[in-house]
Every structure is written in C-alpha cells, then in structure tokens.
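Structure first, then comments.
Lettering follows sequence order; numbering is per chain, from 1. Values below: all heavy atoms of this structure, side chains included; hydrogens, waters and symmetry mates excluded.
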Protein chains: 2
Amino acid sequence: MGKGAQTRETILDEALRAASRDGLGGLSIAGLADAVGMSKSGLFAHFRSKEQLQLEALQRVADLFVEHVVRPALKSPRGEPRLRTLFDRWLAWDRDAFPGGCVIQAASAEFDDVPGPVRDFLVDTQRDLKDTLGNMVRAGVEHGAFRKDLDVEGFAFELLGLVQAYRHHARLLHDPRAETLARAALERLFNHARA
Amino acid sequence: MGKGAQTRETILDEALRAASRDGLGGLSIAGLADAVGMSKSGLFAHFRSKEQLQLEALQRVADLFVEHVVRPALKSPRGEPRLRTLFDRWLAWDRDAFPGGCVIQAASAEFDDVPGPVRDFLVDTQRDLKDTLGNMVRAGVEHGAFRKDLDVEGFAFELLGLVQAYRHHARLLHDPRAETLARAALERLFNHARA
DNA sequence: TGCATAAACGAACGGTCGTGCTATTATTCG
DNA sequence: CGAATAATAGCACGACCGTTCGTTTATGCA
C-alpha cells in the first residue's frame, strides 16, 4: 500500500470518528485536517470535494458494518442462530464501533429529506441491508425453523425497530436496561415466528 | 398578542419547517431571516443566541406534539383504544406535521452525543414521553385490558421502536408498505399484551 | 396627539468554511 | 542514483456564519 492510500485510511478513520459525534453534515475538512495533523489543502487533495469525502466515509463504514456484523452472521447456521448473531453483533456495533454510535443510521436520519448523492447512497445501502435481513428470515422459514406463513418483511421491520429503539434508549437516555429490553423483545419476536 | 410575540411565532414556525429539512444544527439565522423576510439582526434580537432559538423551537414542537398526539390519546378510553389513538396520531404526525418529519426525533439522533442544553432538553422531553407512554400501558394493565404480568417498560420500548422503524421505511426508503407493516406489528404487540 | 418604548434595520466584526492555485517536499521506480 | 511522479504545504479567494452596535422606524398607551 502506497503512502497515499495509507493517509487516506487515516483520514477516513478520523472522519468516521468525527461523523459519529457531529453527524455527517458536521464533517469539516478544516477540523479533520487539524485532527490528523496535516494541512487543509493537503487533505483536500485526496478527495476532490467535501461530498466525495462524505461518500467515501460512508462506503468505508458500510464495509466495516458488513465485516463486523453481516459476515459473522452469515457464518452462523441458518435460522435463529444466524439472526441471533446478527442481533448480537448489531447491538455491539452500535455500542462500541464508534464513540458516537453508528454513522449510517445517524446519517439516515440526518439526510432522509436532503436529496443528493449522499441520500442516494444511504437508500441503496439500507435497501441492501433490508434485503439481506429479509433473506436471513426467509432462509429460516424455508429451513423449517419458522412458521410457513411468517411475514418475512414484517419480521425484518420489527427487528430493525428494536435496534433503533435500543440506540435511542442507550445513546440518548443512557438507560442501563436498554440491552435487556432489546433482548427480551427479540425473544418475543422469535416466539411469534416459531409458534 | 403584541407585535413581538406575533413575529416570534412566525419565526418559530419557519424554524420548525427548516429544522425538519436540514436538522436542528442546520438552522441558520441568516437563512431564517431571509425566509421570513426580515433582517438578520432584527430576527436575532428576538432570541439572544442561536442556541436559545434552537431551544425555543424545540419547546414549540414539543407543545405541538402534546397537542396533536398526546392530548387526543388521553381523551380516548383507557387501555387499547388510548394506545391505538396515540399510535394513529403519532404516525400521522410523523407523516404530515412537517415536510421533513418529526423535528424532535431527528434532533434526538443528531444530538445524542453532543453535550449541552439542547441535548438536556431532548433527554427531558423524551423521558417525559416515555413516562407518559408507560403510564398509558400501566393503566391498561390496571384496568384489566392487559395481562397482569405484562412488562410495561418492554411494551413501551417496542412501541417506540415501531414508530422509528415506520419513519425509517417511510421517510428514507419511501416504502409504501411502511404504514401497513407498522400497524400489523402493533396488532402483534396487542395480542401479546392481552393473551 | 405626543411620547416612551419596542421592534426592526444596516453595516461591520472576527471567524470558519470549501475550494482553487502554485510551490515544495517526499516517494517510487528504471 | 536520478528522474518522474505523487503527496503535501502555503496562501488567497469568496461565501456564509453568529454576534454586536448605533440608528431608524413602528407601535401602543397617557
């Protein structure tokens, strides 16, 4: 890896840390340059615009999410175990991956009404995730772990809601019971899917 | 109502519209002044800082939420009907109240890791809402509509998650089934609470 | 109607931002 | 090693920001 690619990684890592605190829109090239110890123009040269920097930061965090959450789940056995792994990793990701929580989910709320390439990227990413999640649930049905008439999309919808409720309780309210509540709700979801 | 209070209302209304699009942090006094057709300094004089403007905007949207969502629910009969009214009004609020969706929920995601008065206000407001919601559920238990051993906090947790999942699907993904999925999930929640 | 006061304005400030340029330094490779 | 190329720095620009201040205009009450 050349020198350029190396500093790009440094920059993007710092960008994700900053974006998790201040939001993707709060990213500033000046502040970022200061944080990594280089000049504004030197940093700017790596990306040709701020928007490009935002997009590359998003791409990187999406890759990290797949690596830390989705791929481990896909290595677990189909059905409940796979979804449990996904849920576990997802909560841990929201808790530990970045100081300010998941950048993608924060950006999704921030840009859900701001047209442009950033929003487009987010929509694509979230659709992918929704599909992946749907496939996991469907595999559980076809494997016999879940009821034949289970509403796959509904299951995915509720599971996503649990993750979001977890983040809301843990990040904003600092509710120590957030994880317990989320896990209990997941059990309820499984009970309904099996019965 | 004097002239001052009148223009304050105009300003705050426009502020909520802008904040629903660009986030609370994206509020700009200059842009706001332009939107309502007055000078920056004239507008600024009404609030003594940008943070004060943000706080007053939040207070106003919280009042509106109580008026349009919470109060109608409290007028409905205890138990399921009350919670159904709350849910109905809440979805409608997220869909219709502002062009960019609920300002409070967006700000909660935006400021969940930004210490300061704005975050403090959001925490207080969301705690209040959580308590109110918990009381509604508890009233249903005590009224005999729900199981004696129902986890009140868990019910509230899941209901909040449904609203957030609804917003994610409707606002970001433009999923036309968002409302259907949310309502189906609410029925599941009620089924579990009754049985 | 006249006057105290509130409301709004215009200009300016220091600051930060994203973004071009040009020059200089560091890296890579024949 | 030396030349080609990549990476970084320095500097300036125009735009926009929140905020302050002195002035002017509008309001509302005696």
Counting only side-chain N and O atoms of [X], is one of them less than 4.0 Å from OP1 or OP2 of [N]?
X       : N      : answer
B/Lys50 : D/dG18 : yes
A/His46 : D/dT8  : yes
B/Ser49 : D/dG18 : no

Picking from B/Leu43, B/Thr7, B/Asp13, what satisfies side chain to side chain contact (heavy atoms under 4.5 Å, CB included) with B/Val36?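 The side chain to side chain contact (heavy atoms under 4.5 Å, CB included) with B/Val36 is passed solely by B/Leu43 among B/Leu43, B/Thr7, B/Asp13.
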So for A/Lys40 and C/dG18, does any side-chain atom that can act as donor or acceptor lie under 3.5 Å from a complementary atom in the base?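 Between C/dG18 and A/Lys40, which were checked side chain against base, a qualifying N/O pair under 3.5 Å is present.
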Proximity to the side chain of B/Lys3 - top-ranked nucleotide from D/dA9, C/dA7, C/dC17: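 For the B/Lys3 side chain, the nearest candidate turns out to be C/dA7.
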Return the value, rounded to whole Å, for the distance between atom [atom1] of [X] and atom [atom2] of [N].
X       : N      : atom1 : atom2 : result
A/Ile29 : C/dC17 : CD1   : P     : 10 Å
A/Arg8  : D/dA7  : CZ    : P     : 9 Å
A/Glu51 : C/dC17 : CD    : P     : 19 Å
A/Phe44 : C/dT19 : CZ    : P     : 5 Å
A/Phe47 : D/dT8  : CZ    : P     : 11 Å
B/Gln6  : D/dT27 : CD    : P     : 10 Å
A/Leu43 : D/dA6  : CG    : P     : 19 Å
A/Asp34 : D/dG10 : CG    : P     : 13 Å

Base, sugar-phosphate, or nothing: which does [X] touch, judged by heavy atoms less than 4.0 Å apart?
X       : answer
B/Leu53 : nothing
B/Ala45 : nothing
A/Ser28 : sugar-phosphate

Comparing A/Ser41 and A/Gly31 on DNA chain C - which has the more 5′ nearest nucleotide: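 By nearest-heavy-atom nucleotide position, the 5'-most residue is A/Gly31.
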Using a 3.5 Å distance criterion without hydrogens, assess whether the side chain of B/Arg78 forms a donor-acceptor pair with backbone atoms of B/Gly140.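 No; judged by distance alone, with no hydrogens or angles, the pair does not exist.
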Within the side chain of A/Gln54, is there an N or O that forms a donor-acceptor pair under 3.5 Å with the backbone of A/Leu24?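 At least one qualifying donor-acceptor pair exists.
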Run B/His168 and B/Asp175 through side chain to side chain contact (heavy atoms under 4.5 Å, CB included) and show every step you take. CA-CA 9 Å; B/His168 186 264; B/Asp175 186 340; over 6 Å; no
Thinking salt bridges, do B/Glu56 and B/Arg60 make one under a 4.0 Å N-O criterion?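 Answer for the salt bridge query: no.
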